[in-house]
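The structure appears right after this line, and notes come after that.
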Amino acid sequence: MNIDTNLILANALEKLAIVLERIEQKLDAALPETGDKRDAARILQISPRTLERRLPELVKDVHYWEEGGKLVFDLELIRDWQRNRNNPAAHQRAIEAKRAKLLSSKRKRG
């Protein structure tokens, strides 16, 4: 390969790296901040065992879900639930806003 071809390839690789970084940033923004039972319990300032007893207060597949037999918690919604326990309407708005941000909620173009 000659110098011009190498320069063109180097430029293309640099542009590709920038595009990949932007895609990664968008994916990170769309994915929920997650954690395990200990992380959720720490946010709520309760023990993991108490969290297990309080699971019925949370909404499965919204606040938490199962992956590989283990519970995974949406920590952003857990924080909001804690802040808005006395204001269910405000928490519901947070849930709806979160759902709107999900990749699966985005409309496909054209």
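Computed over heavy atoms, backbone and side chain alike; hydrogens, waters and symmetry mates excluded.
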Value for CZ (R79) from CG (N84), rounded to nearest 0.5 Å, stands at 14.0 Å
Could you tabulate the donor-acceptor pairs under 3.5 Å formed by side-chain atoms of residues 7-15, not counting sequence neighbours?
none

Establish, from distance only, whether the side-chain atoms of H91 and D80 form a donor-acceptor pair under 3.5 Å. yes
Side chain to side chain contact (heavy atoms under 4.5 Å, CB included) partner of F73, the single match among L51, D36, T34: L51
R54, CZ atom: more than 12 neighbouring heavy atoms under 6.0 Å: yes
Specify the closest pair of heavy atoms between A41 and P48, including all atoms of both residues, with the distance to one decimal. CB-N, 3.7 Å
Would you indicate whether the side-chain heavy atoms of L58 and I78 approach each other to under 4.5 Å? yes
Check whether any side-chain heavy atom of V62 lies under 4.5 Å from a side-chain heavy atom of R99, and answer yes or no. yes
Test of understanding: clusters of I, L, V, M, F, W, Y form through side-chain heavy atoms closer than 4.5 Å, transitively. Do W81 and L75 belong to the same one? yes
Evaluate K60 against W65 for side-chain contact (heavy atoms from CB on, under 4.5 Å), listing each step before the verdict. CA-CA 6 Å; K60 187 173 183 187; W65 56 92; 5.7 Å; no
I'd like to check the salt bridge (Lys or Arg N to Asp or Glu O under 4.0 Å) partners of R49; sequence neighbours left out, ordered by chain and number. E52
Pairing of D74 and K98 as salt bridge, 4.0 angstrom limit: yes
Keeping N87 on the side-chain end and A90 on the backbone end, is there a donor-acceptor pair under 3.5 Å? yes
Linked, directly or transitively: V59 and I95 (ILVMFWY side chains, under 4.5 Å): yes
For E96, enumerate each residue passing the salt bridge (Lys or Arg N to Asp or Glu O under 4.0 Å) test, keeping only those at least two apart in sequence or located in another chain. none
Residues R85, E57; criterion side-chain contact (heavy atoms from CB on, under 4.5 Å); working and verdict: CA-CA 10 Å; R85 288 193 60 209; E57 297 176 42; 3.1 Å; yes
How about E66 and V72: do any of their side-chain heavy atoms sit closer than 4.5 Å? no
Roughly how far, to the nearest 0.5 Å, is the NZ atom of K37 from the OG atom of S47? 10.0 Å
